[in-house]
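Sequential numbering from 1 along the given sequence is applied to the chain's residues.
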Amino acid sequence: MAARASHWQSYLGAIVSRERQRLEHFQQAEDILLTLLEGVHAREPRFLVDYARNLEAFEFALCASEDAVTMEVPLRIDGNALRVLACRPGDTTDGHRPGLGTCYLEVPSPETALEDWTSGVMERGGGARCLVPGKVLQHLKELLVSAIVCCQRRFLLQPGDLSAENLQEDAMELSLLIRGGWKTIRFDIIPVVRRQQEPLWLKGRQSNGVFPEGSLWKATEEAHFVPASPHCWRSSTHLPVLKLLRAVDTLKGPRLDSLRLLDQLRSQDWQEEGGKGSLTFNHLKMVLLWSTELFPSPEDWQDLEGSVYRLLVILLRCLATQRLPHFLHPEENLFQGEAPDLASLYHKVESFARDPRRFLCFRFGPPARTDSWQADPSTRALLHVPTKDRSYWDTPYFDILLSQFQVYRIQDGARHSAMSQLLSKIRQEIPLQS
């Protein structure tokens with residue numbers, strides 16, 4: 001047992017040892033970006049510079065791969081004075097179909113300072129106008145280019161410090177590649193409108209008693225609207241989720257260490273050829289938040305191996321059903337449209353769950369082979385029970401999965417009883433091999 005724990009800790013130690021250097025690289029690149037944004041603000045005071053970037057640095061240090069860093073640029077506007085209106089098909093004349101949950105931000109008539117961001121689009125009843133994300137993005141893009149040129153002329157940028165080639169892309173974010181030390185980091189710059197909202201109350205769920213007191217309220221008290229299309233906005237949960245992750249870090253147990261370890265495996269062994277894959281760090285963040293809710297006892301988080309398996313059983317269930325609900329908006333499936341890659345990914349993740357030691361080492365060549373591994377039919381049957389039954393997204397169900405992987409070491413009699421009752425129900429519905 002001690003030797004096995006040492007193997008897990010050794011692998012984690014190698015991951016953690018790189019975080020300090022990653023943070024240094026981030027801070028060097030961030031300094032360049034903040035210099036550019038200060039130049040943008042000097043030319044256009046309606047774009048603000050947010051120096052509170054601790055959450056972005058926190059996320060970058062956690063993530064093993066080279067995912068883009070999202071950087072929000074707040075607009076100097078009273079978001080509470082804006083009216084949020086749902087986007088409807090046919091509202092726009094450019095043929096763009098608004099996505100689910102997208103909205104317009106209607107501007108009160110006295111806001112004449114926003115004239116150049118509201119003119120040229122259809123007017124709503126009473127002559128009210130809407131803040132147009134496409135125009136905000138274009139204006140920010142022009143200002144960024146101007147700030148880059150100015151910094152180059154003043155020798156504030158060295159050759160190779162920055163690449164703005166991706167600014168040519170027609171996207172809802174402005175991407176810059178910035179060098180921090182010897183590492184190049186991609187920043188996705190996104191204008192954001194902040195607006196107070198009623199904090200989320202996760203009705204009928206146990207999250208409100210699991211997370212530190214007040215953390216869910218603080219994470220969701222403010223809505224962040226970012227561009228979804230040239231005419232529509234959407235509510236972003238990027239920063240609220242990071243705030244919840246920070247809150248999870250204050251709880252006992254190696255929860256974030258489990259996230260670190262699985263993300264390293266994702267980057268090293270679970271990607272497709274060419275370094276791409278359908279599983280992202282954002283997906284793993286959701287899995288950690290769900291595991292924090294579904295495994296509320298400190299007994300679940302006493303050691304690294306057991307903690308990793310708390311995330312694994314939830315991830316396997318989501319891969320098997322091709323559904324990963326958003327933690328704050330469970331009706332949203334974060335695996336939507338990813339089905340072709342999920343079957344292959346499931347095979348790799350269950351292979352690790354069955355024989356983790358084979359994967360707990362750093363490789364600089366091809367990932368560990370899993371093509372000779374056979375899935376366990378009993379586990380597969382358990383993972384494919386109907387998703388409509390809410391009892392199959394609850395602690396007793398995932399306790400059964402933990403026992404399948406022989407990592408269930410909980411002494412709570414009530415949990416044992418609930419697990420046994422559910423297992424009897426499952427055996428009546430589907431055949432399981434003993």
Side-chain angles (χ1 to χ4, degrees), residues 26 50 52-65 67-74 99-102 172-173 186-203 205-208 210-228 233-251 255-260 262-263 266 278-296 307 310-311 314-315 318 323-336 338 393:
F26 176 85
D50 186 354
R53 299 296 184 185
N54 292 338
L55 288 172
E56 288 87 349
F58 168 69
E59 179 183 37
F60 186 79
L62 279 176
C63 185
S65 58
D67 293 356
V69 179
T70 299
M71 300 293 271
E72 295 184 352
V73 177
L100 182 67
T102 56
M172 291 299 103
E173 65 276 333
R186 172 173 169 164
F187 290 93
D188 285 346
I189 303 162
I190 302 176
V192 60
V193 176
R194 296 175 178 174
R195 188 174 189 271
Q196 294 297 312
Q197 67 175 4
E198 282 293 319
L200 286 181
W201 182 259
L202 304 181
K203 188 177 180 181
R205 288 165 51 184
Q206 52 187 338
S207 292
N208 297 298
V210 173
F211 289 87
E213 185 177 357
S215 59
L216 187 61
W217 185 87
K218 292 176 183 177
T220 61
E221 64 180 335
E222 193 175 59
H224 292 222
F225 292 98
V226 299
W233 300 82
R234 64 176 177 84
S235 179
S236 169
T237 58
H238 172 67
L239 285 183
V241 165
L242 286 182
K243 290 177 182 178
L244 284 178
L245 273 189
R246 178 70 89 178
V248 167
D249 193 28
T250 66
L251 300 173
R255 301 168 196 253
L256 288 188
D257 286 342
S258 303
L259 177 63
R260 289 180 174 96
L262 288 186
D263 191 59
R266 174 186 73 90
S278 51
L279 189 68
T280 68
F281 185 61
N282 286 332
H283 292 146
L284 291 180
K285 289 189 294 186
M286 289 297 161
V287 170
L288 175 60
L289 293 179
W290 279 116
S291 67
T292 300
E293 173 178 309
L294 292 167
F295 295 107
S307 300
R310 265 70 185 169
L311 275 68
I314 293 175
L315 177 58
C318 294
R323 174 171 176 76
L324 171 57
H326 193 293
F327 185 75
L328 297 176
H329 305 285
E331 69 282 356
E332 180 183 348
N333 179 15
L334 298 178
F335 278 163
Q336 190 74 38
E338 301 287 354
W393 188 261

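- For L294 against I314, the heavy-atom pair with the smallest separation is CD1-CD1, 3.8 Å.
- Shown here are the salt bridge (Lys or Arg N to Asp or Glu O under 4.0 Å) partners of E59, two or more places apart in sequence or in another chain: K285.
- W290 contributes a side-chain N or O that, together with a main-chain N or O of P325, makes up a donor-acceptor pair within less than 3.5 Å.
- Proximity of L315 to L284: side-chain heavy atoms (C-beta onward) are separated by under 4.5 Å at one or more points.
- Seen from the ring of F335, R323 does not count as a face-on cation partner, given the 6.0 Å and 45° thresholds.
- Side-chain contact between F281 and L262: absent, with no pair of heavy atoms (C-beta onward) separated by less than 4.5 Å.
- Summarising the geometry, atom CG belonging to L245 is positioned 6.5 Å from atom CG belonging to L259; distances are rounded to the nearest 0.5 Å.
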Given the rule in the side-chain contact (heavy atoms from CB on, under 4.5 Å) test, do V287 and F327 qualify, once you have shown the distances and angles that lead to the verdict? CA-CA 8 Å; V287 170; F327 185 75; over 6 Å; no
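- Closest of all the heavy-atom pairs between P227 and W233 is N-CE3, 3.7 Å.
- Remark: R53 engages E56 in a side chain to side chain donor-acceptor pair (under 3.5 Å) (not counting sequence neighbours).
- Two residues are said to be in side-chain contact when any heavy atoms from C-beta on lie closer than 4.5 Å; T292 and L251 meet this criterion.
- Looking at F58 and L256, their side chains come closer than 4.5 Å, going by heavy atoms from C-beta outward.
- Scored by the salt bridge (Lys or Arg N to Asp or Glu O under 4.0 Å) test, R186 finds D188 as partners (sequence neighbours excluded).
- Contact detail for R255 and L288: the closest heavy-atom pair is O-CD1, 3.7 Å.
- Residues passing the salt bridge (Lys or Arg N to Asp or Glu O under 4.0 Å) test with D50 are R194, sequence neighbours excluded.
- Considering only heavy atoms from C-beta on, R195 comes within 4.5 Å of F225 through its side chain.
- Put simply, the side chain of Q196 reaches to within 4.5 Å of the side chain of E222, judged on heavy atoms.
- With sequence neighbours excluded, the residues forming a side chain to side chain contact (heavy atoms under 4.5 Å, CB included) with S258 are L304, S307, V308, L311, listed by chain and number.
- Inter-residue side-chain proximity for N282 and L334 is flagged as unmet; no heavy-atom pair is nearer than 4.5 Å.
- Looking at heavy atoms from C-beta onward, L328 lies in side-chain contact with L216 at the 4.5 angstrom threshold.
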Please assess T70 against F187 for the test side-chain contact (heavy atoms from CB on, under 4.5 Å), listing each intermediate value before the final yes or no. CA-CA 6 Å; T70 299; F187 290 93; over 6 Å; no
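- Note that CG of L62 is 8.5 Å distant from CG of D263, once rounded to the nearest 0.5 Å.
- Within the structure, every pair that satisfies the side-chain hydrogen bond (donor to acceptor under 3.5 Å, both in side chains) test and touches residues 236-251, not counting sequence neighbours, is listed here: T237-H326.
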Run the numbers on V226 and R234 for side-chain contact (heavy atoms from CB on, under 4.5 Å), then give the verdict. CA-CA 6 Å; V226 299; R234 64 176 177 84; 3.6 Å; yes
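- L244 contributes atom CG, which lies 7.5 Å from atom OG1 of T220 (distance to the nearest 0.5 angstrom).
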